Amino acid sequence: MPPRRLSPADTILCMLDDPAVPFCIGAVIRLEGAPLLDTEGRIRLGFVREMAAATLDHRPLNRCVPMDVPGGVGRPVWVEDPGFAIADH
């Protein structure tokens, strides 16, 4: 994926994020859980990761991290994370 500038909203969110005062956004989604559980009622994490990995080609920004542009001229750009691993998510 070629580098793409962050939207103004994404840029502002990145500027607000600070290690001392992290700025996090959360979401809640309610799903039918039965297909995601094994016979003992535990989530089948490997299956969930496989399903997420299967759709990454359709959601390229999910593999990207923001990077400042040289000299700080202009908004940061999204670049592919060389260390991306679905198992970390």
Side-chain angles (χ1 to χ4, degrees):
M1 180 179 123
R4 184 171 112 187
R5 292 218 182 270
L6 272 67
S7 70
D10 286 338
T11 302
I12 290 169
L13 291 174
C14 285
M15 290 169 58
L16 292 173
D17 194 30
D18 181 282
V21 184
F23 183 78
C24 299
I25 297 175
V28 175
I29 185 170
R30 186 174 178 189
L31 302 169
E32 171 58 45
L36 302 177
L37 304 177
D38 65 14
T39 56
E40 297 179 20
R42 295 175 302 205
I43 191 161
R44 299 181 332 182
L45 190 54
F47 172 74
V48 172
R49 285 182 177 146
E50 285 175 24
M51 294 295 101
T55 63
L56 283 175
D57 289 342
H58 304 290
R59 298 176 288 117
L61 286 182
N62 284 16
R63 296 185 312 262
C64 294
V65 293
M67 183 178 83
D68 290 328
V69 294
V73 180
R75 294 191 314 266
V77 293
W78 289 111
V79 295
E80 191 136 356
D81 181 358
F84 177 83
I86 194 70
D88 294 338
H89 299 273

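Quantities reported herein were computed from a predicted structural model and do not represent experimental measurements. Hydrogens, waters and symmetry mates play no part in the numbers below; they use all other heavy atoms, side chains included.
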Output yes when a side-chain donor or acceptor of R4 lies under 3.5 Å from a complementary backbone atom of W78, and no otherwise.
no
Evaluate V69 against R5 for side-chain contact (heavy atoms from CB on, under 4.5 Å), listing each step before the verdict.
CA-CA 9 Å; V69 294; R5 292 218 182 270; 3.4 Å; yes
Of all heavy-atom pairs linking P35 and F47, the shortest is O-CE2, 4.3 Å
Counting distance only, does the side-chain N/O of S7 pair as donor-acceptor with the main-chain N or O of D10 below 3.5 Å?
yes
Taking all non-hydrogen atoms of both residues into account, name the closest pair between L56 and F84 and its distance.
CD1-CE2, 3.6 Å
Could you state the interatomic distance from CG (L45) to CD (E50), rounded to the nearest 0.5 Å?
10.5 Å
Write down the atom of G83, the atom of D88, and the distance for their closest heavy-atom approach.
O-OD2, 4.4 Å
Okay, side chain of R63, backbone of E80: is any donor-acceptor separation there less than 3.5 Å?
no
Atom pair CG (N62) and CG (D81), whose distance is rounded to the nearest 0.5 Å
11.5 Å
Non-hydrogen atoms of A52 and I86 that approach each other most closely:
CB-CD1, 4.1 Å
Minimum heavy-atom separation for L6 and V77, please, with both atom names.
CD1-C, 3.5 Å
